[in-house]
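Each chain gets a letter, A, B and so on, in the order the sequences are listed, and its residues count up from 1.
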Amino acid sequence: MKSNRGTILPRSFYEREDVVEISRRLIGKVLCSKKGNRFTSGIITETEAYCGRDDRACHANDGLRTKRTEVMYGPAGHAYVYLCYGIHHLFNVVTNKENIADAVLIRGVYPLQGIEIMKQRRNNTGKSKPLTSGPGMLSEALGIKTSDTCTDLTEGPIWIEDHDFKVDKSSIRSTPRIGVEYAGEHAKREWRFVTDQFIN
DNA sequence: CTAACGATTCGCT
DNA sequence: GCGAATCGTTAGT
């Protein structure tokens with residue numbers, strides 16, 4: 001774990017048809033943002049897959065097409081950012097082909113670059129307070145807002161890089177997704193992926 | 001127009 | 001461990 005720069009993931013990375021596999025493969029990649037000349041990044045440690053068909057946990061389930069979910073029906077590799085609980089901005093990446101609404105929620109990153117900026121945005125005055133270990137927290141730390149929805153992740157100002165960090169396959173656990181009990185049986189699917197490889 | 005409800009986080013008990 | 005905060009989205013009147 002030493003490189004400072006990576007390759008921006010190409011659209012083809014996001015165009016795969018299996019959103020669960022993309023979710024798994026995003027673990028270890030690096031989420032970056034450059035807002036007003038302030039660069040921040042973190043290694044993705046936790047993701048969740050959401051499928052537009054037969055998945056009651058997904059906002060676009062059963063082809064539900066609204067102003068909010070429209071971006072999920074667009075081409076892969078764009079950001080879907082929405083407001084949760086009136087407070088938190090949750091960041092997803094749109095996957096699969098146009099008109100097929102799949103997405104991966106980024107739930108956690110390991111702070112890599114711009115840590116002071118993240119602490120500032122999080123109003124974290126050096127105290128031992130989680131910085132980027134939750135979907136709302138990481139968006140705040142990286143300066144990602146709902147106005148960033150539809151951002152093309154192959155262009156920026158938000159993008160994902162491959163730094164060639166090798167993630168030990170055995171370190172990636174799969175579990176049911178968080179906070180989607182309303183999805184009934186679908187909530188039991190193990191579509192959440194998390195690694196503890198970068199915890200310290 | 002109205003109302004119910006979150007893909008969460010934080011602070012306090 | 002529990003509950004409040006907080007407001008855009010959604011569906012229904």
* A:L26 and A:F193: CA distance, side-chain angles, deciding distance, side chain to side chain contact (heavy atoms under 4.5 Å, CB included) verdict -> CA-CA 9 Å; A:L26 277 169; A:F193 298 95; over 6 Å; no
* To do: Find out whether A:Q197 and A:Y110 are in side-chain contact, i.e. whether some heavy atom of one side chain is under 4.5 Å from a heavy atom of the other.
  => no
* Structure fact -> When A:R122 and A:C58 are each assigned the nearest nucleotide of DNA chain B, the 5'-most assignment goes to A:C58
* Asked: For the pair made of CZ in A:R107 and C1' in B:dT9, what is the distance, rounded to whole Å?
  -> 12 Å
* Asked: Would you write out the dot-bracket form of DNA chain C, 5' to 3', with Watson-Crick and G-U pairs under 3.5 Å, [ ] for crossing pairs, | for pairs to other strands and . for unpaired bases?
  -> |||||.||||||.
* For A:E181 and B:dT8, give me the distance from atom CD to atom C1', rounded to whole Å. => 12 Å
* Look only at the side chain of A:T195 and the backbone of A:G28, and say whether a donor-acceptor pair between them is shorter than 3.5 Å. => no
* Are A:Y82 and B:dA7 stacked, counting the six-membered base ring, centres under 5.5 Å, planes under 30°? -> no
* Asked: How does protein contact run along nucleotides 3-13 of chain C, one letter per nucleotide 5' to 3', with B for base contact, S for sugar-phosphate only, - for none, heavy atoms under 4.0 Å?
  -> --BBBSSSS--
* **A:G143 to A:K35 - nearest heavy-atom pair and separation** => O-NZ, 2.8 Å
* **Identified side-chain contact (heavy atoms from CB on, under 4.5 Å) partner of A:W191 from the options A:E48, A:R177, A:R24** => A:R177
* Answer yes or no: is there a donor N or O on one side and an acceptor on the other, between the side chain of A:T149 and the main chain of A:V81, under 3.5 Å? => yes
* Check every strand shown and say whether A:R192 touches a base, only sugar-phosphate, or nothing at a heavy-atom separation below 4.0 Å. => nothing
* Counting side-chain heavy atoms from CB outward, which of B:dA7, B:dC10, B:dT9 is closest to A:K129? -> B:dC10
* To do: Answer yes or no: is there a donor N or O on one side and an acceptor on the other, between the side chain of A:K29 and the main chain of A:L9, under 3.5 Å?
  => no
* To do: Ignoring hydrogens and angles, tell me if any N or O in the side chain of A:R56 forms a donor-acceptor pair with the backbone of A:H186 under 3.5 Å.
  => no
